[in-house]
S.K.: 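After the structure tokens below, expect a handful of questions from me.
Throughout, a chain's letter reflects where its sequence line sits, starting with A, and its residues are numbered from 1. This is a predicted model, so every value here is computed, not measured.
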Number of protein chains: 2
Amino acid sequence: MADVAQAAGVSSATVSYVISGKRPVAEHTRRVVEKAIADLGFSVNTVARSLRTGRSSIVALVVPDLSNPFFAQLAASLQEELRVLGLHVMVCDTKADREEERAFLREAVQQRFAGVVITPFRLVAKDFLVLSEAGIPAVVSADLPFGDNDLVTPDARAAIRAALTEVTEAGRRHIAMVAGPRDATGGDPRLNLLRSLAAQFGTALPGRLVVRGEHTREAGAVGFERLMRIRPRPDAVFCANDVVAIGAMDKAEELGIDIPGDVALIGHDDASFASLVRPRLTTVRYPAADVGKAAARLLIERLDGRSVRRTVHVKAEFISRGTVRTGP
Amino acid sequence: MADVAQAAGVSSATVSYVISGKRPVAEHTRRVVEKAIADLGFSVNTVARSLRTGRSSIVALVVPDLSNPFFAQLAASLQEELRVLGLHVMVCDTKADREEERAFLREAVQQRFAGVVITPFRLVAKDFLVLSEAGIPAVVSADLPFGDNDLVTPDARAAIRAALTEVTEAGRRHIAMVAGPRDATGGDPRLNLLRSLAAQFGTALPGRLVVRGEHTREAGAVGFERLMRIRPRPDAVFCANDVVAIGAMDKAEELGIDIPGDVALIGHDDASFASLVRPRLTTVRYPAADVGKAAARLLIERLDGRSVRRTVHVKAEFISRGTVRTGP
DNA sequence: TTGAAAGCGCTAACAG
DNA sequence: CTGTTAGCGCTTTCAA
């Protein structure tokens, strides 16, 4: 920058101002400086800028599983939304490990990130203290509020109700669930929601019909198998997400169990492959792109100085395909 | 850091040295400093460190499509490999747009990134000048060498040969390809490789049997449809990657074309969903996790001072499933 | 409309 | 084994 200033015969302050536009610069001066910048191929050192301003232009996105297309799409969407403001996204895959989650939060403060967008998986509220102490805004994407952070959360009641309606109309009575791990953040709110809604349909969802595991294909297979040993055998299985549901389908095929003939299966998220498997997976769609957009908006507002907590609800939608009743 | 120094009654240099371990510190002093660090909840400001050392701890991973599970997995793998060295990965999705690709390279120099790992899609060699001028090491993941960068590249000859063998044995004679766009970096080397290998099988792959488009599901459908209008109709179709192959399968179903009965279909990469579709997609597997590992190794060596160009070949593997002949 | 200069927090000579 | 100190490249206040 000093080089540019010298070449243009101005002070480095002026160069800084033509770049940032934070103070008017005479037309002529500006042109001279811009020419010098081009001639020298100068580009600002953003780390010096960050040191000076105390804030970088990087936002961390912390997710439990980047190989889940839902999160990949969330990442793509968030990146696209923030890009126009000159903000960058650093994607952090924690593999659902609490220590990794905490490590990334620490990292965010060390790097003086502009903000973090996180889908907590095993974190607890006090793990967020490092962030708030450092004054780094966080927006949480989760089913339940989390500390006093901004929140993007699904509005899934209607969708789950629609799912239960279809399941019930298909004559299913023994509903079960392959839920997330017991120590997951919030204790798997999807289970609680399903349970309370099922009650309205006159169906209980007792603990013995809930099986728990990671959000992986393998865990889905294992969980489904355990469910299939219960008598009377469940005839409808809700899954924590689509990855888990795919695992359940693997196992059903292996066991010679017909879906949806013998057992109805309902996923969650509508990850890209949900419509690829056969039969196509009936699922509760939670639009990753919209979640990314909402998170970006919340974060930007926060960066602009808003100080009150906000929540954005993103509507989930029941997508009826072929795993509850024979369909498309 | 000055605070910690004061609290511990030492100089800030000493604090720096206990953190970095770059110079021995007396056992007692170290303990006192560590206590002060813990008490004050201090954590180093890595942006100041980066400014001072001239290099950040962030590596950019630039890919054309993060929603392609192949790249998502590459990202996860790279992140995992670099993490132990305290390096971080910033994922950049360019959506196959050259301007975006260039923008991210510029960004990498502004942010003084430690390095970049990139799968170029429309970039040309001279776009890399910004990086080399800034002295930022790049490792390229591509089918062909690219400038004088380190390279991770598939060794796919044997796999493609195996594919051609199976296709030929299945009695197919009219091979076609849905290739990438004409302006793609390297002009789609996968096409050239297939073409030269097909010749060894006595099969030509004339231009009229090659259709081009983006690496998307939609383009795969469109390309496949165009291919199906050619007479004599192709009876085996190779696709630029699995996403494209899925699009082809969509269209085949729509058109009532049986796969593999009427047309054999071969994908590329073995993205996670290749084994999910029915029939399961026969494909040329290119292991994303290994690519990530190789790229990490190359980058680390480069950071350690190696100055000669290196290439790592990652073996591709033919995975026979159900889209060439009836199979699993 | 522009310039001078302080200082962000750290690292790494250099000196003791 | 430890301390002093210059300076990385930028932004921004204060002064002109």
S.K.: Do the charged groups of Arg182(A) and Asp188(A) touch, with an N to O distance under 4.0 Å?
M.R.: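 No, this pair does not count.
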S.K.: Tell whether Arg23(B) reaches the base of dT2(D) with its side chain through a donor-acceptor pair below 3.5 angstrom.
M.R.: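 In this structure, the two groups form a donor-acceptor pair.
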S.K.: Does the side chain to side chain contact (heavy atoms under 4.5 Å, CB included) test come out yes or no for Arg83(A) and His88(A), once each step is laid out?
M.R.: CA-CA 6 Å; Arg83(A) 198 160 167 39; His88(A) 299 268; 4.2 Å; yes
S.K.: Hey, is Arg106(B) close enough to Glu133(B) for a salt bridge, meaning N to O under 4.0 Å?
M.R.: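 Salt bridge between Arg106(B) and Glu133(B), a charged N being under 4.0 Å from a carboxylate O: no.
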S.K.: Go through the steps to decide whether Met90(B) and Ile58(A) satisfy the test side chain to side chain contact (heavy atoms under 4.5 Å, CB included), and finish with yes or no.
M.R.: CA-CA 9 Å; Met90(B) 177 145 134; Ile58(A) 299 178; 4.2 Å; yes
S.K.: To the nearest Å, give me how far apart CD (Gln110(B)) and P (dC10(D)) are.
M.R.: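 Whole-Å distance recorded here is 10 Å.
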S.K.: Tell me: CD1 of Ile37(A) to P of dC10(D), nearest whole Å?
M.R.: 10 Å
S.K.: For a quick test of reading the model: is some side-chain N or O of Thr14(A) closer than 4.0 Å to OP1 or OP2 of dG3(C)?
M.R.: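 The answer is yes; a side-chain N or O of Thr14(A) sits under 4.0 Å from OP1 or OP2.
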S.K.: Between side-chain atoms of residues 70-81 of chain A and protein atoms elsewhere (two or more places apart, or another chain), which donor-acceptor pairs fall under 3.5 Å?
M.R.:
| residue | atom | partner | partner atom | Å |
| --- | --- | --- | --- | --- |
| Ser77(A) | OG | Ala289(A) | O | 2.9 |
| Gln79(A) | OE1 | Asp93(B) | N | 2.8 |
| Gln79(A) | NE2 | Asp93(B) | O | 3.1 |

S.K.: Do Thr311(B) and Arg309(B) pair up side chain to side chain, a donor and an acceptor below 3.5 Å, judged on atom types alone?
M.R.: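 Yes, Arg309(B) and Thr311(B) have a side-chain donor paired with an acceptor closer than 3.5 Å.
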S.K.: Could you check how far CZ of Arg55(A) sits from P of dT11(D), rounded to whole Å?
M.R.: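 So the CZ-P distance, Arg55(A) to dT11(D), works out to 16 Å.
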S.K.: Hey, what are the protein-to-nucleotides 8-11 of chain C N/O distances that come in under 3.5 Å?
M.R.:
| residue | atom | partner | partner atom | Å |
| --- | --- | --- | --- | --- |
| dG9(C) | N2 | Ala48(B) | O | 3.4 |
| dC10(C) | OP1 | Asn45(B) | N | 3.0 |
| dC10(C) | OP2 | Met1(B) | N | 3.1 |
| dT11(C) | OP1 | Arg49(B) | NE | 2.6 |
| dT11(C) | OP1 | Arg49(B) | NH2 | 3.3 |
| dT11(C) | OP2 | Ser16(B) | OG | 2.7 |
| dT11(C) | O2 | Arg52(B) | NH1 | 2.1 |

